[in-house]
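In listed order, ligands and their atoms are each counted from 1.
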Amino acid sequence: MCGIVGYIGRRDATPVLLEGLRSLEYRGYDSAGLAVVHRNRLQVTRTAGRVQDLRDRLDGKTATKATIGIGHTRWATHGEPNETNAHPHTDTAGRIAIVHNGIIENAEQLRDQLTGQGVKLVSDTDTEALAHMIAAEATEGVTLEDAVRRALRHVEGTYGLVVLDIFQTNELVVARNGSPLVLGIGDGEMFVASDVAALVRHTKQVVYLQDGEVATVRAADYRTVSRPTTVEAEAGDFELGPSYQDFMRKEIHEQPEALRRALRGRLDERFATARLGGINLDPRQLRSIRQVKFLGCGSAYYAGQMGAVLVEELARIPSDAEPASEFRYRNPVVDPDTLYVAVSQSGETADTLMAVQELKRKGGQVIGAVNVVGSAIGRECGSGVFLHAGPEIAVASTKALTNMAGSFAMLALLLGRVRDLSAAAGQRIVSGLRALPDQIAQVLSDEDDIAEVARRFADAEHMFFIGRVRAWPVAREGAQKLKEVSYVHAEAYQASELKHGPLALINCSMPSVVLVPADELVAKNISTIEQIKARGGPVIAVTSADLPADLADATIRIPRAEPELEPLLLNVPLQLLAYHVAAKLGRDIDKPRNLAKSVTVE
Ligand code: G6P
């Protein structure tokens, strides 16, 4: 969702800001804008379109030689996604400009107060109110930082913001509460962004602002509570490169390496267990856990479901998953002996963050499973497992989900080995995990065949995804992926539930993707396929078992993994299936309509 950039230094700020905004496009947005100071005047340019439209509008005006500026990509919350509501917002005199992520909850009240004082508000946004309030506080002798602090005293809600004052062109003021903000430290220049994606091309030295922090940033100097750290990501990780046309396919193909990274140094052959230092629980504490509950949204929730199956199987501890959004609204019973796992690629999803905060308020034990270092959920949890998937740009999650499931396999192994999972069984899982990256690469090498299947069925208006037990969360994720990127209606069902209702929908125009792992349920799954075929339904089987060649209309074969780990492999052809259906239908694969990469609002 919304993205922020800021620059102060010696360079022409406009191209730097535009480039930063371009690298934030993947988050999803509906309008964009920037403000620079030129000859002591604020120049604000906004558009209800894309960053490219902003660039087009600026053409000719880009050589302003402004050396300070702020920019924004907006996902509408308060007010329509039009040009007037796009950020930056300014006060009436055009002195203060502000870009803001998050939501000011008492915006209506603040807007009414301002109107009562005779201020004419031009937009429908919460942010504009703040611009006027800061301007009112920025009286003679008051620093911009103090003016921002004073204005923020009246604000309830979340924010990551950057403020510019034309009377103080040697500084930007930044503030954070709930919405991420990162400073990039250059050589005699400073960058600000809501996401390191906009910084890595300039610098690897960054400072993640803490919640509640307000700071002044100058070209060669800043003061913050946290110390600088070095970002792992390379600028190339955020670029497509010559081999790919979109990030989803690039990220699907990065999975073997991404999973290898997540496993590196964490598998202990000698004691047949996993080492997850970040969760900070000793064997006695691990033993006292009586239940494990995974919380996440979207794909992170389905990954949590895969985690729950793994924990129950390997550790024999009751486990389940729940959408974080449901959990936070239903006044949950928080059990001190339950280990809660907050699952999130971005570490920013508002519903998941709120669920963590609710848990902490009730004394729950919560760890994070997060991909983005320095993100809100990672910080709030304080301990957990980093996913090490590398930057994920496509809205549809692929490699992060695989690393979530791989990390949960390690968590389940660890929990199992402090209980009744034998060393021999532990060893089997360790070896199975080690083999997975190459097995995923093997599945990916069959992409052409999978693409062919996808093209054959791309005209279907609806599709079923059928799995049972271990493969059930995979079926749900497969249906989700197809919906997200191709807009083909898809539903997932447990194989056993088919005959209790959905079978009524089976006919020749309702293809079913049936997941058949080579486990003890193969015979049951074969009979599911036969039931569908008997009603004229086309079947695509995804399997590691030796199914009769003519059983299904199309068969996608995957290598045989340890049965508990097979869901990680079954998922990969489903990603490719969704991708190639979407490609055949000409969809905007990386940025599906109406979806954002990180949903930072309710
Ligand atoms: C959004 C994205 C989904 C993602 C979900 C959770 O809805 O469109 O692809 O699975 O958020 O995101 P998270 O960053 O918390 O894993």
Side-chain angles (χ1 to χ4, degrees), residues 1-3 24-29 75 178-180 194-197 246-248 251-252 258 294-307 321-328 340-357 366-381 384-405 407-408 473-474 476-487 490 571 574-575 578-579 582 587-602:
M1 289 188 151
C2 306
L24 297 181
E25 284 192 292
Y26 79 96
R27 302 170 60 85
Y29 69 105
W75 176 284
S179 295
S194 52
D195 180 329
V196 290
D246 33 55
F247 281 101
M248 182 177 176
E251 288 158 7
I252 288 174
F294 294 86
L295 300 169
C297 299
S299 293
Y301 160 54
Y302 298 131
Q305 266 208 317
M306 293 181 200
E322 185 178 345
S325 43
E326 285 287 292
F327 180 84
R328 62 174 283 217
Y340 294 89
V341 185
V343 191
S344 176
Q345 186 286 127
S346 62
E348 282 179 44
T349 302
D351 284 324
T352 312
L353 180 61
M354 300 293 178
V356 171
Q357 288 167 344
V366 56
I367 62 170
V370 168
N371 196 34
V372 179
V373 177
S375 59
I377 295 170
R379 282 159 170 268
E380 190 74 47
C381 291
V385 192
F386 278 120
L387 302 174
H388 298 301
E392 193 180 68
I393 307 294
V395 165
S397 184
T398 53
K399 60 177 181 171
L401 176 122
T402 292
N403 278 24
M404 286 167 187
S407 303
F408 300 153
V474 184
R476 296 188 80 188
E477 168 62 12
Q480 165 98 334
K481 208 93 299 170
L482 187 72
K483 274 187 267 207
E484 278 180 308
V485 296
S486 74
Y487 318 147
N571 184 48
L574 304 194
Q575 298 170 339
Y579 174 87
R587 306 300 191 217
D588 185 357
I589 295 181
D590 285 342
K591 299 189 199 80
R593 67 182 180 209
N594 308 337
L595 298 179
K597 180 66 181 158
S598 353
V599 182
T600 51
V601 296
E602 289 184 39

Under 4.0 Å from a heavy atom of S299: give me the atoms of ligand 1 that qualify, with their elements. 10 (O)

Note: A596, heavy atoms under 4.0 Å from ligand 1, region reported as backbone

Counting from 1, what ligand 1 atoms have a heavy atom of S346 closer than 4.0 Å? 13 (P), 14 (O), 15 (O)

Starting from atom 12 (O) of ligand 1, which protein heavy atom do you reach first, and at what distance in Å? T349 OG1, 3.4 Å

Is the closest heavy atom of V395 to ligand 1 under 4.0 Å? yes

Should E348 be listed as contacting ligand 1, given a heavy-atom distance under 4.0 Å as the test? no

So if I count the atoms of ligand 1 from 1 in the order they appear, which ones are less than 4.0 Å from some heavy atom of V599? 1 (C), 7 (O)

Quick check for you: to the nearest 0.5 Å, what is the distance between Q575 atom CD and K399 atom NZ? 12.0 Å

Which protein non-hydrogen atom lies closest to atom 3 (C) of ligand 1, naming both residue and atom, and how far is it? E484 OE2, 4.0 Å

If we ignore angles and hydrogens, is there a donor and acceptor under 3.5 Å between the side chains of Y301 and D351? no

When rounded to the nearest 0.5 Å, the distance separating CG of L401 from NZ of K481 is 6.5 Å

heavy-atom search around atom 16 (O) of ligand 1 in the protein gives Q345 N, 2.7 Å

Do the side chains of E25 and K591 get close enough for a salt bridge, i.e. N-O under 4.0 angstrom? no

Run the numbers for me: atoms of ligand 1, each under 4.0 Å from some heavy atom of S344, listed by number. 13 (P), 14 (O), 15 (O), 16 (O)

Assess, by modelled atom type and distance only, whether the side chains of Q480 and S299 contain a donor and an acceptor separated by less than 3.5 Å. no

Decide whether the shortest distance between a heavy atom of C297 and an atom of ligand 1 is less than 4.0 Å. yes

Any T352 heavy atom less than 4.0 Å to ligand 1: no

When Q345, E484, E392 are each screened for side-chain hydrogen bond (donor to acceptor under 3.5 Å, both in side chains) with S397, the one that passes is E392

Output the list of atoms in ligand 1 that are nearer than 4.0 Å to some heavy atom of K597, sorted by atom number. 1 (C), 2 (C), 11 (O)

Side-chain (K483) to main-chain (A490) donor-acceptor, under 3.5 angstrom: yes

